[in-house]
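First the structure, in the form of structure tokens, and then the observations on it.
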Protein chains: 2
Amino acid sequence: MNFPKRKQKILAQLDKDGEVDVKQLADDLQISEITARRDLNQLAADGLLYRTHGGATKVNPFEKPHDFLNKGAQNATAKDEICRIAAGQINDGDVIFMDCGSTVFRLCQFIKNKKIKVITNSLPVIYELQNCSVSLNIIGGEFDKERQAVHGSMAIEHISKYRASKAFLGIDGISKNGLFAGSENEASITTSFAANSAYTYLLCDASKIGRESYLRFADLSLINAIITDAAIDKLLGIEEQGIIILNAKK
Amino acid sequence: MNFPKRKQKILAQLDKDGEVDVKQLADDLQISEITARRDLNQLAADGLLYRTHGGATKVNPFEKPHDFLNKGAQNATAKDEICRIAAGQINDGDVIFMDCGSTVFRLCQFIKNKKIKVITNSLPVIYELQNCSVSLNIIGGEFDKERQAVHGSMAIEHISKYRASKAFLGIDGISKNGLFAGSENEASITTSFAANSAYTYLLCDASKIGRESYLRFADLSLINAIITDAAIDKLLGIEEQGIIILNAKK
DNA sequence: CTTAATTTGTTCAAAAATAATCATTATTAA
DNA sequence: TTAATAATGATTATTTTTGAACAAATTAAG
């Protein structure tokens, strides 16, 4: 049985059971465990599943952008790894921008005890950080119920008055050709954040790498670093343009 | 069972019961106590729970807003009567300011179905109105954890860019000598709201009438009307200065 | 305040999973 | 066919995870 065929079977079982086991896969598909592991690593690098010790769990496609508070999300492992790396980049005294992506949201849990200032347009981030040592600055403007965040010209104006040492941003897609957003509002906010921070980190899991969707709004030069769990070969063409890659692979 | 799976189960139980016990966790998850402790320590380091001797308790970001709701519940009947009158003053199409007082907060429940724009600096108000027909505008600036609201110069600047048809404001005290606030921040925000709205309502229960505390920040002329449950004789000296009294006595 | 019980952190060892290396087999292209 | 390439499996070393034992710290009880 070749790889495409196995891939199909693995994803089918994952969809049915929610998880797979290396041993059981090797047995089912009549392959060695090492091959099973290689298959899973390959699929994880493509963002089609999340690797765990001894197997893999499925990446939930129904993850709504505004369903942030569902902490029990089972696919949080990869995003948490990314955020753990990101949190390591933050020092006491920093002023940081955080946007309204679901990955960036998960950064909250790792920075609750830091003595920093957070400037954000994301309501879930505000809720999450309101009772901890972080000092909060809320970006004002029209509230977008869908994204649970503030967007629009007032928000852009607000951001332009501040300077952050670091920005932590999400994105819809990134390729060697640039950065992609799902809407003009997202694009302009992201651009503003990056323009007003000394150093810009992009937090994106493997599924976003190489993806070109809707609106190409900026060159790669807008950002300084990517924190991702994607395999290094997926990043060819991006790394070559001077972007620092921080790998969050376990 | 691997760590991601256990993490999920631990957080699920924590969410349900509010606490977990090391012994019971070890038994439930079929792991040793030392592993259970390690799991809890890991999750605590990530800020997902609070570690206690022998177990852990959940960290709830909505704890404070709840307190706010309860605090608002004191004297709830009188406040609700006031807010019912206030809601009667609001028509579809209105743009209204709402400040961060506990009385004003209770106005939310009466305006959820109105087609209006609400501009506010109060996080509980935002939270309460985020999923209804009201269009929300969030005032940006530094977040004051104590009052769960945005204050400061950025907030003032933000407000000055908008014009509301009506403002609904709380206050620390009012007498025939003027308006009193508990802090300079509150005073400046209240002044801004009033200055940028066509008509200003003061929502205050009987305990605020005749009270002079801390900072006298404005003349009575700043406001147009008072909605209160106080007896009319308490309002002598105020009514005579041309302020409309809307009585909310049952 | 002192003592006993419980909980915790540390160190070490065993087991499982993974990564790395190399040999073998299958596949493809010339 | 033959050489080159890719995929797979076996072996070994490394890492991760887990549990046990024991000393230190914390809490509870007298």
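So that the names make sense, note that chain A is the first sequence line, chain B the second, and so on, each numbered from 1. The figures here come from the full heavy-atom set of this structure, side chains too, leaving out hydrogens, waters and symmetry mates.
In the model, A/Asp94 has no side-chain atom that pairs as donor or acceptor with a side-chain atom of A/Gln89 under 3.5 Å. With 3.5 Å as the limit, one finds a donor-acceptor pair spanning the side chains of B/Asp205 and B/Ser207. Using a 3.5 Å distance cut-off with no hydrogens or angles, the side chains of B/Asp172 and B/Tyr214 do not pair a donor with an acceptor. Side-chain polar atoms of A/Lys208 and A/Thr228 form no donor-acceptor pair below 3.5 angstrom.
Distance B/Gln42 CD to C/dG9 C1': 16 Å, rounded to the nearest Å. The CG-C1' distance, from A/Asn41 to C/dA17, rounds to 11 Å in whole Å. Rounded to whole angstrom, the span from the CG atom of B/Leu25 across to the C1' atom of C/dT7 amounts to 15 Å. If you measure from atom CG of A/Leu40 to atom P of C/dA17, you get 13 Å, rounded to the nearest angstrom.
Two end axes, each from the C1' atoms of five base pairs, can be drawn for the helix from C/dC1-D/dG30 to C/dA30-D/dT1; they diverge by 30°, to 10 degrees.
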For this session: Test A/His151 against A/Phe143 for side chain to side chain contact (heavy atoms under 4.5 Å, CB included), laying out the working first.
Result: CA-CA 7 Å; A/His151 285 125; A/Phe143 181 70; over 6 Å; no

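Ring geometry, A/Tyr201 versus A/Phe168: the interplanar angle falls under 30°, so the pair is classed parallel (tilted spans 30 to 60°).
When side chains are defined from C-beta on, A/Asp219 does not count as touching A/Leu179, because their heavy atoms never get closer than 4.5 Å. Between A/Ile159 and A/Phe97, the closest side-chain pair of non-hydrogen atoms falls below 4.5 Å.
Sequence order on DNA chain C of the closest nucleotides to A/Val22 and B/Gly54 puts B/Gly54 first from the 5' end.
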For this session: Assign a letter to each nucleotide of nucleotides 18-28 of chain D from its 5' end: B, base within under 4.0 Å of a protein heavy atom; S, sugar-phosphate only; -, no contact.
Result: BB------SS-

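Distances shown here put a side-chain N or O of A/Lys23 below 4.0 Å from the OP1 or OP2 atom of C/dA17.
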